[in-house]
Amino acid sequence: MSKQPAMHEPATQAASATTGDVPSHLFRKAVEQAALAISITDARANILYANSAFSRITGYTQDEIVGHNESILSYRVTPKLVYETLWAQIQRQRPWNGLLVNKRRDGSRYLADVTITPVVGEAGDTTHYLGMHRDVTEVHRLERQVQNQKTLIESVVDAAQVAIVLLDEKERVVLDNQEYKKLIGDLGKEPAVKLLAALREQMGDVYSKAHDKHRNIAAHEMCIETAKKTSRWFSCAVSWFEEHDVGADAFYEPTRRHYLLLTIQDISEIKRQQEALRINSLRALLAEQERIQGLRETLAGAVFQLEGPLNMLGAAAKLLERRLSSQTPSNGTGDISASALEEAMQKSREALETLRACIPNNSHETMQLIDLNDVLVDVLKLATASLLSAGIVVEWSPSGKPATIAALPAQLTNLFKQLVANAIEAMNDRRGGSRELRIACKANADHFEVFVEDSGPGIADELRYKVFQPFFTTKGAAKQHLGLGLAMAQEVVSRHGGTIDIDPEYRNGCRVRVQLPTGGNHV
Ligand code: FAD
């Protein structure tokens with residue numbers, strides 16, 4: 001390609017010319033020193049002039065490049081269509097701007113942001129083209145990197161097993177993931193709003209302060225009622241994301257926006273398993289306690305039963321001794337019987353002591369503050385299977401506010417478990433009729449009352465007190481009843497400083513009332 005000295009050295013030709021008030025040589029200087037790669041071509045893109053920045057970017061000296069076609073810069077990966085569009089545009093005498101993959105003199109590639117402007121001659125035809133370009137490889141790399149990171153973050157967030165949602169300052173959703181979308185409907189149109197309202201309500205000031213100061217909130221577990229009126233447990237954590245305003249206005253005066261990132265984990269299944277585990281361990285603990293208590297009562301009863309005849313034997317021995325001492329002289333036979341009796345007595349007393357020593361101690365439970373309502377709910381859970389199989393309808397009325405007392409939790413649970421078991425058994429004994437179990441907890445000024453009502457046959461007036469005596473039972477021995485249930489219940493109630501009785505007025509079955517003081521220094 002031949003060189004074009006006319007354009008290669010424009011300064012000599014235009015030294016005296018002026019453009020407006022600016023002399024042409026000033027134009028040339030400005031173009032020469034511009035930071036942008038500038039080239040001037042003929043109408044076929046053959047380079048007539050290239051400035052220093054052009055040389056810096058492409059690696060070609062001005063002498064090397066002049067006379068070559070701009071296509072020398074093409075790396076041949078830019079689609080043909082781009083060039084066709086470029087040419088179609090500039091041939092219509094319109095400027096074109098776009099990105100081209102260029103190749104430097106040393107073969108290395110760069111991305112060029114190119115603007116080509118047609119230079120129209122006096123006759124109206126395009127005589128030259130003005131090409132300006134800059135290396136945007138680094139900008140493009142950064143843009144792509146940001147884009148890649150955004151895509152990566154979005155895919156990770158989307159694949160996460162926890163629901164994630166990003167909210168702006170007005171609690172509008174900016175970003176969410178698949179797991180979050182699954183909550184929509186069940187927790188209303190915007191689950192985040194419902195969950196944040198619940199967090200606010202449950203955490204009160206702690207939430208407000210953390211929110212106002214954009215401080216993170218560690219995972220907080222809460223139970224939410226769904227649209228289907230079922231309960232679901234969620235663990236919610238809040239963290240904050242700060243964004244610098246990207247608008248031009250904020251370039252010299254940076255402003256920040258805060259976004260709230262809410263992560264939500266559905267822990268309903270874990271909670272269900274934990275609750276099942278807790279109820280099972282409670283069941284095992286109560287069964288063990290019941291067994292020990294039963295053993296205690298049985299052995300105590302046996303000792304009590306044996307003490308009677310032993311006392312009678314003691315009295316007989318004393319009588320015999322007195323008679324023998326009045327008979328003089330002794331014939332020897334009486335002495336032998338007295339000492340044999342004394343020996344038998346001694347052995348019996350030792351056997352009784354051994355029996356007494358076998359009576360297991362009461363459990364080593366310690367006093368705790370508990371809510372009676374929770375105890376009664378646990379009792380109902382423990383009895384669920386029996387209640388269902390007996391077709392019993394349960395009505396549960398908790399006290400409006402917490403019924404907190406200091407108590408031995410397992411013993412108290414066992415007490416109500418016993419009362420509920422009695423009620424179920426009583427209703428099972430009665431054929432036909434309604435089967436209803438009503439449990440209520442009432443708060444009074446200085447004590448709480450728990451009522452356990454059943455629609456069974458009830459307890460006859462004359463037996464109202466007797467049923468609390470050990471070994472008294474209205475059931476036959478065939479049913480393996482020791483008659484210790486209510487006696488044990490009474491013992492537990494007394495240990496808690498309360499009372500237990502059977503309502504004589506109640507005629508639709510049996511109503512047991514347990515009164516427990518609100519204080520807790522009685523045990
Ligand atoms: P080419 O054969 O040059 O052209 C490919 C297609 O472009 C053709 O099929 C045709 O449709 C069209 N075309 C090419 N020349 C003409 C013409 N004279 N009249 C009408 N249509 C034509 N290219 C780069 O790769 N990098 C650059 O930095 C660059 N800067 C340029 C600056 C200016 C001022 C001008 C005018 C052009 C520039 N070009 C640049 C475009 C360049 O001239 C080539 O068209 C391009 O490089 C493709 O080259 P090629 O050899 O692959 O195909």
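Just so you know, ligand 1 is whichever comes first in the structure, and atom 1 is the first atom listed for that ligand.
Nearest protein neighbour of atom 11 (O) of ligand 1, counting heavy atoms only, is Glu84 CG, 3.6 Å. Summary of contacts: the protein heavy atom closest to atom 51 (O) of ligand 1 is Arg76 NH1, 2.8 Å. Among all non-hydrogen protein atoms, the one lying nearest atom 44 (C) of ligand 1 is Ser71 CB, 3.8 Å. Looking only at heavy atoms of the protein, atom 26 (N) of ligand 1 is closest to Asn102 OD1, 2.9 Å. Of the protein's heavy atoms, Ile116 CD1, 3.6 Å lies nearest to atom 35 (C) of ligand 1. Of all protein heavy atoms, the one lying nearest to atom 9 (O) of ligand 1 is Lys80 NZ, 3.8 Å. Protein heavy atom closest to atom 43 (O) of ligand 1, with residue, atom name and distance, is Asn69 OD1, 3.3 Å. Of all protein heavy atoms, the one closest to atom 20 (C) of ligand 1 is Gln91 NE2, 2.8 Å.
A salt bridge links Lys150 to Glu154: one of the charged nitrogens lies within less than 4.0 Å of a carboxylate oxygen. Of the charged side-chain nitrogens involved, at least one lies within less than 4.0 Å of a carboxylate oxygen, so that Glu288 and Arg291 count as a salt-bridged pair. Ion pairing between a basic and an acidic side chain is recognised when a charged N comes within 4.0 Å of a carboxylate O; Arg272 and Glu275 show no such pairing. For the pair Glu190 and Lys194, the salt-bridge criterion is not met [side-chain N within less than 4.0 Å of a carboxylate O]. Note on Asp168 versus Arg257: no salt bridge recorded, every NZ/NE/NH1/NH2 to OD/OE distance being 4.0 Å or above.
Between the side chains of Asp446 and Thr518, no donor N or O sits under 3.5 Å from an acceptor N or O. Side-chain contact annotation: Gln33 with Ser52, donor-acceptor N/O pair under 3.5 Å absent.
Distances from atom 7 (O) of ligand 1 to the heavy atoms of Trp87, Trp96, Tyr129 show the closest one on Trp87.
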Requested in this report: Evaluate the criterion side chain to side chain contact (heavy atoms under 4.5 Å, CB included) for residue pair Ile370 and Ile405; output intermediate values, then yes/no.
Outcome: CA-CA 6 Å; Ile370 53 158; Ile405 61 164; 4.2 Å; yes

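By the criterion of a heavy-atom distance under 4.0 Å, neither the backbone nor the side chain of Val101 is placed next to ligand 1.
When each atom of ligand 1 is checked for a heavy atom of Leu73 under 4.0 Å away, the hits are 26 (N), 28 (O). Close contacts between ligand 1 and Ser74 involve ligand atoms 25 (O), 47 (O) [criterion: under 4.0 Å to a heavy atom]. Listed by number with element, the atoms of ligand 1 under 4.0 angstrom from any heavy atom of Leu100 are 23 (N), 24 (C), 26 (N), 27 (C), 29 (C), 40 (C).
In this pair, His258 and His214 present their aromatic rings parallel. The plane angle is below 30°, not in the 30 to 60° band.
No more than 12 heavy atoms of other residues, nucleotides or ligands sit less than 6.0 Å from atom CZ of Arg134. Around CZ of Phe451, the count of heavy atoms belonging to other residues, nucleotides or ligands within 6.0 Å exceeds 12.
Residue contacts with ligand 1: Thr41 is included, with a non-hydrogen atom under 4.0 Å away.
When distances from atom 38 (C) of ligand 1 to the protein are checked, a heavy atom turns up under 4.0 Å. Protein non-hydrogen atoms do not reach within 4.0 Å of atom 1 (P) of ligand 1. Within a 4.0 Å radius of atom 4 (O) of ligand 1, the protein contributes no heavy atom. Shown here, atom 15 (N) of ligand 1 is in close reach of the protein: a heavy atom of it lies under 4.0 Å off.
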